[in-house]
Amino acid sequence: MTVGAFSEWRKLPVSLSELCINTTLRCGQSFRWHNVPDSDEWRCVLHGRLLSLKQDPTHLYYRTYLPSHPPQNTISPPPPPPKTAAAIPPTQQKASPPPTDHISTPTNDDDDPILPLLTAYFNLPANLTTLYEGWSQHDANFRRKAPQFTGIRILRQDAWEALIAFICSSNNNIARISQMVEKLCRRYGAFVATVDGRAYHDFPGPEAMVGDADDGEEGVDVEATLRGLGFGYRAKYIGQTARIVALEREEGWLEGLRNPESVALGYAGSLGGEGGSGDAGEWKEEGREGYRLAHAKLLELQGVGPKVADCVCLMGLGWGEAVPVDTHVWQIAQRDYKFGKGSHKSLNKVLYDAVGNHFRRLWGKEAGWAQSVLFTANLRTFSDRLAATSSKVGVKVEVKDEEGGNDGVEVKTEVTTATAIPLKRAASEDGVKVKAEDDTDTHAVLQASQTTTTRRMSKRLRKR
DNA sequence: CGTTGACCTCC
DNA sequence: GAGGTCAAC
């Protein structure tokens, strides 16, 4: 049995504006982080290591679990029956100690392999404060909401893990997605350690999911197994995708789609569109070549549509301009950016691209990062933060009804009469009507009635 | 070629 | 219905 212990805490100076793990780890990017009950400690297996994180206003604290028997890096064949896990006695470490034990600052990086790992995973070189400032400068709606949602940054996850997780995400909620991913790891992933009665596994590679070695023939019943685990129709997608990636693509194919400069974020990019040129890699509102290519290649896999492909591009492959347009973002586009009024009702391919292009034009090279902030602000889980704001906002507001088109559903739109900053230009090349009112100082009150609006939009969406 | 259901569970 | 995708009109 594997019994080990955590290393001592180390700390890294990071402000909450630069990184807020409590938000970033819960906003639907990764579905693997586990919040240790009654604590602010988060645990997850990254690259075969069990990591533990916590933070205070000035630092990020981290430690890693050291099993007495080093974890074998084998690609974990068959599943260790989860039952054995419970038999393991709890480890010695205290339940969520305040960061006071032995804390060392990583002055000597020699014996600390975790720091570079975290730096990459959290994309730490990117200066989030600067990015927020840029987006706020060009977008009043972002400027209004962002203060309640600071420290949200895009994770640099393993591409394969992101791919599978987001295939699971279709028609699904965060809680169940997390559950499914957990089951997948337990069944196919390498066992790493058991701590506090909970077993931790690594995320299995594609080759581990092409067939159960147990059952003899290859390709046997990964789908059936996953269905048994409650994956529903996604079981087939995962089985097929695993087979394609493991057997029909060369080694490292997926990683090869990664943005080569994904670490070098943080410098003042071409925010705001036409303005800033002169960056490495030609910028287009539809995204760079490499991003478009990666997106196209991902679409060839099973269970991967435009939205999932963009999630993988953004969170798994380092393409900051990828803007996944799901039902939430589509709502945001309509509610806060006057998208798709009247004419188009459903989110089709053309409209999907148009929304992405619009946000890329507005937010620039890291549009996907900005998107995740507004996306999170739109999640029910975090809606309380907005309630606090909207009550404060005592702006003069003019309420007027617009004709919602011929769908018979009225969409109440509230617009302030405040300053209208002239916008460079609306999207005309898209062939889609977009009112150029993004930069108006509006939307303050829209947040107040957020829940209501959301429900109404939701209805309207599915009405069609 | 754009639109419409079905698809697996669970809250 | 839920943070879509696929296949059939």
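Each chain gets a letter, A, B and so on, in the order its sequence line appears, and its residues count up from 1. The figures that follow rest on heavy atoms only: side chains count, while hydrogens, waters and symmetry mates do not.
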Practice problem: Send over the distance from A:Glu223 CD to B:dC8 C1', rounded to a whole Å. | Solution: 12 Å

Practice problem: Provide the distance between the two C1' atoms, one in C:dT5 and one in B:dC11, to the nearest whole Å. | Solution: 23 Å

Quiz prompt | A:Arg227 vs B:dC8: side-chain N/O to OP1/OP2 distance below 4.0 Å | solution = yes

Self-check item: Integer-rounded Å distance: C:dG4 P and A:His328 NE2
Solution: 8 Å

Practice problem: Rounded to the nearest angstrom, tell me the gap between atom CD in A:Gln331 and atom C1' in C:dG1. | Solution: 12 Å

Practice problem: Give one of base, sugar-phosphate or nothing for A:Pro324, where a contact means two heavy atoms less than 4.0 Å apart. | Solution: nothing

Practice problem: Look at the side chain of A:Tyr233 against the base of C:dG4 and say whether a donor-acceptor pair falls under 3.5 Å; ignore hydrogens and angles. | Solution: yes

Quiz item: Using a cut-off of 4.0 Å on non-hydrogen atoms, how would the nucleic acid contact of A:Ile174 be classed: base, sugar-phosphate, or nothing?
Solution: base

Quiz item: Only one of A:Arg153, A:Gln148, A:Arg385 clears side-chain hydrogen bond (donor to acceptor under 3.5 Å, both in side chains) with A:Thr23; which?
Solution: A:Arg385

Exercise. Name the nucleic acid region contacted by A:Val308, choosing base, sugar-phosphate or nothing; use a 4.0 angstrom heavy-atom cut-off, strictly under.
Key: sugar-phosphate

Quiz prompt | Check: A:Arg234 side chain, B:dC8 base, donor-acceptor under 3.5 Å | solution = yes

Quiz item: Going through the distances and angles, do A:Arg249 and A:Leu254 end up as a side-chain contact (heavy atoms from CB on, under 4.5 Å)?
Solution: CA-CA 9 Å; A:Arg249 298 288 186 277; A:Leu254 190 52; over 6 Å; no

Exercise. Run through A:Phe142, A:Trp330, A:Phe359 and flag the one making a ring-ring contact (aromatic ring centres under 6.0 Å, His included) with A:Tyr337.
Key: A:Phe359

Quiz prompt | Evaluation steps, side chain to side chain donor-acceptor pair (under 3.5 Å), between A:Arg335 and A:Asn378 | solution = CA-CA 11 Å; A:Arg335 194 219 307 133; A:Asn378 211 53; 2.4 Å; yes

Quiz item: Salt-bridged, A:Glu41 to A:Arg43, with N to O below 4.0 Å?
Solution: yes

Self-check item: Euclidean distance for C1', C:dG1 against B:dG5 (whole angstrom)
Solution: 15 Å

Quiz item: Taking atom P of B:dC8 as reference, at what distance in whole Å does atom CD1 of A:Ile167 sit?
Solution: 15 Å

Quiz item: Across the strands shown, which category fits A:Cys168 at heavy-atom distances under 4.0 angstrom: base, sugar-phosphate, nothing?
Solution: nothing

Exercise. Give the dot-bracket string for DNA chain B, reading 5' to 3', where a pair is Watson-Crick or G-U wobble with both distances under 3.5 Å, ( ) marks pairs inside the strand, [ ] marks pairs crossing earlier ones, | marks a partner on another strand, and . marks unpaired.
Key: .||||||.||.

Exercise. Return the value, rounded to whole Å, for the distance between atom CG of A:Asn173 and atom C1' of C:dG4.
Key: 14 Å

Self-check item: Distance, rounded to the nearest Å, where A:Ile177 contributes CD1 and B:dC10 contributes P
Solution: 15 Å

Quiz item: Starting at the 5' end of DNA chain C and moving along, which residue's nearest nucleotide shows up first, A:Gly28 or A:Gly303?
Solution: A:Gly28

Exercise. Look at the side chain of A:Gln302 and decide which nucleotide, out of C:dT5, C:dC6, C:dG3, has an atom nearest to it.
Key: C:dC6

Quiz item: Looking across every strand, which nucleic acid part, if any, lies under 4.0 Å from A:Leu301 by heavy atom: base, sugar-phosphate, or nothing?
Solution: sugar-phosphate

Exercise. Assign A:Gly305 to base, sugar-phosphate, or nothing according to its heavy-atom contacts below 4.0 angstrom with the strands shown.
Key: sugar-phosphate

Quiz item: Given atom CZ of A:Arg176 and atom P of B:dC7, what is their separation to the nearest angstrom?
Solution: 15 Å

Quiz item: What interatomic distance, in whole Å, is found between P of C:dA8 and the corresponding atom of B:dC8?
Solution: 15 Å

Quiz prompt | Pairwise C1' distance, B:dC10 and C:dC6 [rounded to whole Å] | solution = 23 Å

Quiz item: Between A:Leu12 and A:Leu118, is any pair of side-chain heavy atoms under 4.5 Å apart?
Solution: no

Quiz prompt | Over 12 foreign heavy atoms within 6.0 Å of CD, A:Glu248 | solution = yes

Exercise. Whole angstrom is fine here: how far is it from CD1 in A:Ile238 over to P in C:dC6?
Key: 13 Å

Quiz item: Quick one: is B:dT9 close enough that its OP1 or OP2 comes under 4.0 Å of any side-chain N or O from A:Asn171?
Solution: no

Self-check item: Residues A:Phe375, A:Phe382; criterion ring-ring contact (aromatic ring centres under 6.0 Å, His included); working and verdict
Solution: CA-CA 10 Å; A:Phe375 172 84; A:Phe382 300 104; 9.5 Å; no

Quiz prompt | Ionic contact status for A:Arg198 with A:Glu182, cut-off 4.0 Å | solution = yes

